[in-house]
Amino acid sequence: MEKYSDFAIRTCNDFKEIQKEFVETYDLNSYSEWFYDEETSLITFKKQEGELNFEYIPIGSYSNSTKTWLWAWDNKELVHNNKLKTILVKKFGEKHNYSELTEGYFEADEYIGWELTAITFDLIEAIGSYRIANDNNLEIYFLITDEIENDFVEELKKINKNKTEKLIQCKKHGKSRHAFICQHLNENEKTGFEESFETEIGMYLEEDDDLSAWCNKCEEVRNKADGWNDENMEIAKIKLVCENCYFEIKEFNNK
């Protein structure tokens with residue numbers, strides 16, 4: 001198996017040329033202003049001649065004060081529809097035993113941000129990346145996934161704002177999208193895991209779609225009744241959980 005250091009060097013070398021081409025293609029250094037919006041998942045670059053809009057995924061942040069890295073998926077204060085897509089990096093790290101990709105928060109040097117950005121770019125489809133520095137001595141790293149045409153910006157803002165309104169506060173995971181499970185699903189006893197449709201963490205959901213799952217017992221009752229009704233809904237006692245909890249329960253039941 002490839003050592004983490006070798007893997008990191010290789011991906012960083014590959015990423016340098018891609019990132020350079022991305023910056024040059026969009027002439028990003030010519031823009032005098034930028035701002036990003038967690039609710040809409042958009043980062044905007046402005047100059048007198050016009051503006052550029054991109055959809056982004058937050059990767060994580062590096063604190064120059066504490067010399068620490070915090071992955072977006074482990075940041076409970078981060079309100080963002082796309083942050084859980086970086087769970088794909090964590091799963092890759094678990095498979096290859098790379099602790100830098102599986103620990104949510106750890107001490108690191110100032111080079112870790114670009115290193116982990118390169119690795120994330122290697123694992124998640126994107127067109128480039130961007131780093132910003134705020135007044136709190138914090139560097140925040142973004143993966144740029146798509147250029148958004150200016151005519152579509154307002155429509156995308158409405159779509160993503162509706163997604164944000166569906167976020168719930170979880171004591172364990174912070175703010176995340178909501179999901180629904182039957183009362184029998186848990187992380188202590190395997191009960192089976194049936195879904196209304198096949199899911200993966202961080203996936204795009206249509207406005208009317210919800211993550212929902214139930215156990216084998218509830219599936220048997222539902223099939224006998226040829227669907228959900230008042231009686232089997234009383235047995236299921238559907239409850240609200242966050243997206244993180246949903247997928248942790250799913251993973252436990254599918255081991």
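Computation of the quantities below employed the complete heavy-atom set of this structure, encompassing side-chain atoms and omitting hydrogens, waters and symmetry-equivalent molecules.
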[atom1]-[atom2] distance between [X] and [Y], expressed to the nearest 0.5 angstrom:
X    : Y    : atom1 : atom2 : answer
E231 : E234 : CD    : CD    : 9.5 Å
I57  : S41  : CD1   : OG    : 9.0 Å
S63  : L138 : OG    : CG    : 6.0 Å
I9   : K3   : CD1   : NZ    : 8.5 Å
K250 : E200 : NZ    : CD    : 8.5 Å
S61  : R131 : OG    : CZ    : 13.0 Å

Please check if any side-chain donor atom of [X] sits under 3.5 Å from a side-chain acceptor atom of [Y], or the reverse.
X    : Y    : value
S129 : T117 : no
N253 : E251 : no
E195 : T199 : yes
E248 : Y246 : no
D14  : T11  : no

Within a reach of under 6.0 Å around [atom1] of [X], are more than 12 heavy atoms found that belong to other residues, nucleotides or ligands?
X    : atom1 : answer
K95  : NZ    : no
E125 : CD    : no
E94  : CD    : yes
K47  : NZ    : yes
K190 : NZ    : yes
N254 : CG    : yes
Q48  : CD    : no
D230 : CG    : no

Minimal non-hydrogen separation, [X] against [Y], with atom names:
X    : Y    : answer
C242 : A179 : O-CB, 4.3 Å
S30  : D27  : OG-O, 2.7 Å
T191 : C215 : O-CB, 3.5 Å
K90  : T102 : O-CG2, 3.6 Å
N136 : N134 : N-OD1, 2.9 Å
I59  : L116 : CG2-O, 4.4 Å

Using a 4.5 Å cut-off on heavy atoms from C-beta on, say whether the side chain of [Y] contacts that of [X].
X    : Y    : value
F54  : I127 : yes
I140 : Y36  : yes
C245 : H173 : yes

Check whether any side-chain N or O of [X] sits under 3.5 Å from a backbone N or O of [Y] as a donor-acceptor pair, and report yes or no.
X    : Y    : value
N53  : E51  : no
T145 : E55  : yes
N232 : C218 : no
K16  : N13  : no
N223 : E219 : yes
K67  : N64  : yes
T86  : V89  : no

Parallel, tilted or perpendicular: which fits the ring planes of [X] and [Y], with parallel below 30° and perpendicular above 60°?
X    : Y    : result
W114 : F15  : tilted
W71  : W69  : perpendicular
W214 : W228 : perpendicular

Under 4.5 Å between side-chain heavy atoms, counting indirect links through other Ile/Leu/Val/Met/Phe/Trp/Tyr residues: same cluster for [X] and [Y] or not?
X    : Y    : value
L240 : M233 : yes
I235 : L185 : no
Y141 : L88  : yes
L70  : I87  : no
I132 : Y56  : yes

Aromatic centroids of F92 and F7 separated by under 6.0 Å: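 Yes, ring centres under 6.0 Å apart.
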Of W34, Y130, Y26, F35, the residue whose pairing with F45 passes ring pair (Phe, Tyr, Trp, His ring centres under 6.0 Å):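 Testing F45 for a ring pair (Phe, Tyr, Trp, His ring centres under 6.0 Å) against W34, Y130, Y26, F35 leaves exactly one candidate, Y130.
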Stepwise side chain to side chain contact (heavy atoms under 4.5 Å, CB included) check, F180 with L211: CA-CA 6 Å; F180 300 95; L211 301 170; over 6 Å; no
Do NZ/NE/NH1/NH2 and the carboxylate oxygens of R177 and E243 come within less than 4.0 Å?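 Yes, charged N to carboxylate O under 4.0 Å.
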Any salt bridge between E194 and R222, counting N to O under 4.0 Å?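 No, this pair does not count.
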Carefully, step by step, assess K237 and H184 under the rule side chain to side chain contact (heavy atoms under 4.5 Å, CB included). CA-CA 9 Å; K237 284 187 167 52; H184 310 109; over 6 Å; no
Enumerate, atom names and distances included, each donor-acceptor pair closer than 3.5 Å involving a side-chain atom of residues 103-112, sequence neighbours excluded.
residue: Y105; atom: OH; partner: T68; partner atom: OG1; Å: 3.3
residue: D109; atom: OD1; partner: Y111; partner atom: N; Å: 3.0
residue: D109; atom: OD1; partner: I112; partner atom: N; Å: 3.4

What's the verdict on side chain to side chain contact (heavy atoms under 4.5 Å, CB included) for N244 and K172, showing C-alpha distance, side-chain angles and the deciding distance? CA-CA 9 Å; N244 280 282; K172 182 178 180 182; over 6 Å; no
Would you please test F193 and I249 for side chain to side chain contact (heavy atoms under 4.5 Å, CB included) and show each step? CA-CA 8 Å; F193 196 91; I249 293 170; 4.0 Å; yes
Set out, in order, the CA-CA distance, both residues' side-chain angles and the distance that settles side chain to side chain donor-acceptor pair (under 3.5 Å) for E33 and Y31, then state yes or no. CA-CA 6 Å; E33 298 178 63; Y31 288 82; over 6 Å; no
